[in-house]
Amino acid sequence: MALIHVNRGGKTLGQFSAQAISDGLSAGTFLPDDLGWKEAMDSWQPLSSFADLPPPRALSAIEAAPPALGGLARDFQMPGKIHYGECFRAAWACFRPNWGTALLGTIIFFVISGVIQIPMQVAQPLIQHYAKQGHVPPLWVMVAAGLAFLFLWLVSMVVSSILPAGFMYFFIQALRTQQAKLGDIFIGFREKNWIQLLLAILVWTLGFVVLAAMLLGPGIYFSVTTKSAWPAIGAGVVLAIPLVYLSFGMTFVLPLIVDRKLGFWAAIVTSISTVHRQWLRVFGLLVLVGLMMVAGVLACCVGLLVTLPMGYLVLGQGYRQLFGDPRAPGL
């Protein structure tokens, strides 16, 4: 059987059997958009398009036979490794020549995020005011107001879900090209990106609701029946464990959608499986970024204009280290 040549971001990873490719895709060692080529093919194609791959083996079988992965086992047995020092060095090296555009992009992000919340913030006090006055408007007014409120809520939810993906991509592209472009902030609204982003947010939200219902529900029930808060507290602690794990695992779902053009489910699986292998390093990186944000808030919030773009640049470099850079020149 012909071996498959694999290329990631312009770098040749080696030649592998179809079984090794299937195992690597399952384990997260290979990415769906890594390019593959074998004899009789006219051009390089994403590994996800190879329909004749055998079923993946169990993870234990893969670990028991590292020679089957050839050069990848030696050099790319895991996705790239996060290096904190390099993340901060690359972030600062990119921020210095692009600080003006980075600050302007951050202000645009803050303004849009704030503006979409204004109608909701105005509507709620008005509703409460008229309710206290005892005025009962005509039915058509109530229906129109309800529809308007629902429309504004949906717009707010859609924009606040999609915009952060573009904001992250803005800094990833700045790291990649060393030139920040404001138009990149809105990439989430282009083509089919917004659909995939909304589906990813929807899946995460539904997953959280189901998980909370399964774990919190029994705790609340026993708290009510026993008149003790401890069952609910215990259920909350149990819920926090998978919630924290999955929250960190989902860190890179949005950039994988807008940058790698992965579908929502492929992005979720790729992000969680890749972060799983370096969960503590990703956790540490996010803690460091969080401390930067806190420092910005303590500096009368004005510091966020610097710490927020720097934080996103650090995360962007962490993303590039974990998943490689698919936009490297040439194949």
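Along the sequence shown, the residues carry numbers beginning at 1. None of the values given here were measured: they were computed from a predicted structure.
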Residue pair [X] / [Y]: nearest heavy atoms and the distance that separates them:
{"X": "Ile172", "Y": "Pro255", "answer": "CD1-CB, 3.7 Å"}
{"X": "Gln278", "Y": "Ile82", "answer": "OE1-N, 3.1 Å"}
{"X": "Trp44", "Y": "Val6", "answer": "CZ3-C, 4.2 Å"}
{"X": "Phe264", "Y": "Ala200", "answer": "CB-N, 3.8 Å"}
{"X": "Phe252", "Y": "Leu315", "answer": "CE2-O, 3.9 Å"}
{"X": "Ala18", "Y": "Ile4", "answer": "CA-CD1, 4.2 Å"}

(request) Give me the ring orientation class for His5 and Trp37: parallel if the planes are under 30° apart, tilted from 30 to 60°, perpendicular past 60°. (result)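 Judged by the thresholds at 30° and 60°, the geometry between His5 and Trp37 is tilted.
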Within the side chain of [X], is there an N or O that forms a donor-acceptor pair under 3.5 Å with the backbone of [Y]?
{"X": "Thr270", "Y": "Ala267", "value": "no"}
{"X": "Ser22", "Y": "Leu53", "value": "no"}
{"X": "Tyr84", "Y": "Arg281", "value": "yes"}
{"X": "Arg260", "Y": "Phe323", "value": "yes"}
{"X": "Gln45", "Y": "Phe50", "value": "no"}
{"X": "Asp23", "Y": "Pro56", "value": "no"}
{"X": "Gln19", "Y": "Pro55", "value": "yes"}

(request) With Tyr319 as reference, evaluate Thr274, Thr251, Asp259 under the side-chain hydrogen bond (donor to acceptor under 3.5 Å, both in side chains) test and give the passing residue. (result)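 With Tyr319 as partner, side-chain hydrogen bond (donor to acceptor under 3.5 Å, both in side chains) holds for just one option, Asp259.
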Distance-only donor-acceptor hits, side chain of residues 211-227, under 3.5 Å, sequence neighbours excluded:
| residue | atom | partner | partner atom | Å |
| --- | --- | --- | --- | --- |
| Ser223 | OG | Gly219 | O | 3.1 |
| Ser223 | OG | Ser228 | O | 2.9 |
| Ser223 | OG | Ala232 | N | 2.9 |
| Thr225 | OG1 | Tyr221 | O | 3.1 |
| Thr225 | OG1 | Phe222 | O | 3.1 |
| Thr226 | OG1 | Phe222 | O | 2.4 |

[X] and [Y]: same hydrophobic cluster, using ILVMFWY side-chain contacts below 4.5 Å?
{"X": "Leu304", "Y": "Val111", "answer": "yes"}
{"X": "Trp230", "Y": "Leu239", "answer": "no"}
{"X": "Leu206", "Y": "Leu254", "answer": "no"}
{"X": "Val314", "Y": "Val287", "answer": "yes"}
{"X": "Val203", "Y": "Val253", "answer": "yes"}

(request) Check whether more than 12 heavy atoms from other residues, nucleotides or ligands sit under 6.0 Å from atom CH2 of Trp204, and answer yes or no. (result)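 More than 12 heavy atoms, drawn from other residues, nucleotides or ligands, come within 6.0 Å of this atom.
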(request) Please check if atom CH2 in Trp279 has more than 12 non-hydrogen atoms from other residues, nucleotides or ligands closer than 6.0 Å. (result)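 Yes, CH2 of Trp279 has more than 12 neighbouring heavy atoms, counting only those of other groups under 6.0 Å.
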Starting at [atom1] of [X], measure out to [atom2] of [Y] and round the result to the nearest 0.5 Å.
{"X": "Ser271", "Y": "His276", "atom1": "OG", "atom2": "NE2", "value": "13.0 Å"}
{"X": "Phe248", "Y": "Ile272", "atom1": "CZ", "atom2": "CD1", "value": "13.5 Å"}
{"X": "Phe95", "Y": "Thr101", "atom1": "CZ", "atom2": "OG1", "value": "10.5 Å"}
{"X": "Leu288", "Y": "Phe283", "atom1": "CG", "atom2": "CZ", "value": "10.0 Å"}
{"X": "Phe189", "Y": "Asn193", "atom1": "CZ", "atom2": "CG", "value": "10.5 Å"}
{"X": "Gln317", "Y": "Arg176", "atom1": "CD", "atom2": "CZ", "value": "10.5 Å"}

pair [X]-[Y]: side-chain heavy atoms closer than 4.5 Å:
{"X": "Pro32", "Y": "Leu47", "value": "no"}
{"X": "Leu305", "Y": "Phe110", "value": "yes"}
{"X": "Thr106", "Y": "Phe171", "value": "yes"}
{"X": "Ile268", "Y": "Leu262", "value": "no"}
{"X": "Asp34", "Y": "Leu31", "value": "yes"}

(message) Can you confirm if the aromatic rings of Phe30 and Phe16 lie within a centre distance of less than 6.0 Å?
(response)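 Yes, the ring of Phe16 comes within the 6.0 Å limit of the ring of Phe30, centre to centre.
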(request) Report the C-alpha distance between Leu175 and Arg320 in whole Å, list the side-chain angles of each, state the deciding distance to 0.1 Å, and finish with yes or no for side chain to side chain contact (heavy atoms under 4.5 Å, CB included). (result) CA-CA 9 Å; Leu175 288 161; Arg320 297 177 75 212; 3.8 Å; yes
(message) Between Ile162 and Phe186, is the side chain to side chain contact (heavy atoms under 4.5 Å, CB included) condition met? List the steps.
(response) CA-CA 9 Å; Ile162 296 175; Phe186 306 101; over 6 Å; no
(request) Decide yes or no on side chain to side chain contact (heavy atoms under 4.5 Å, CB included) for Ser113 and Leu163, but give the supporting numbers first. (result) CA-CA 8 Å; Ser113 299; Leu163 190 62; 3.9 Å; yes
(message) Applying side chain to side chain contact (heavy atoms under 4.5 Å, CB included) to Lys181 and Gln173, what does each step give before you reach the verdict?
(response) CA-CA 8 Å; Lys181 298 179 180 178; Gln173 278 291 85; over 6 Å; no
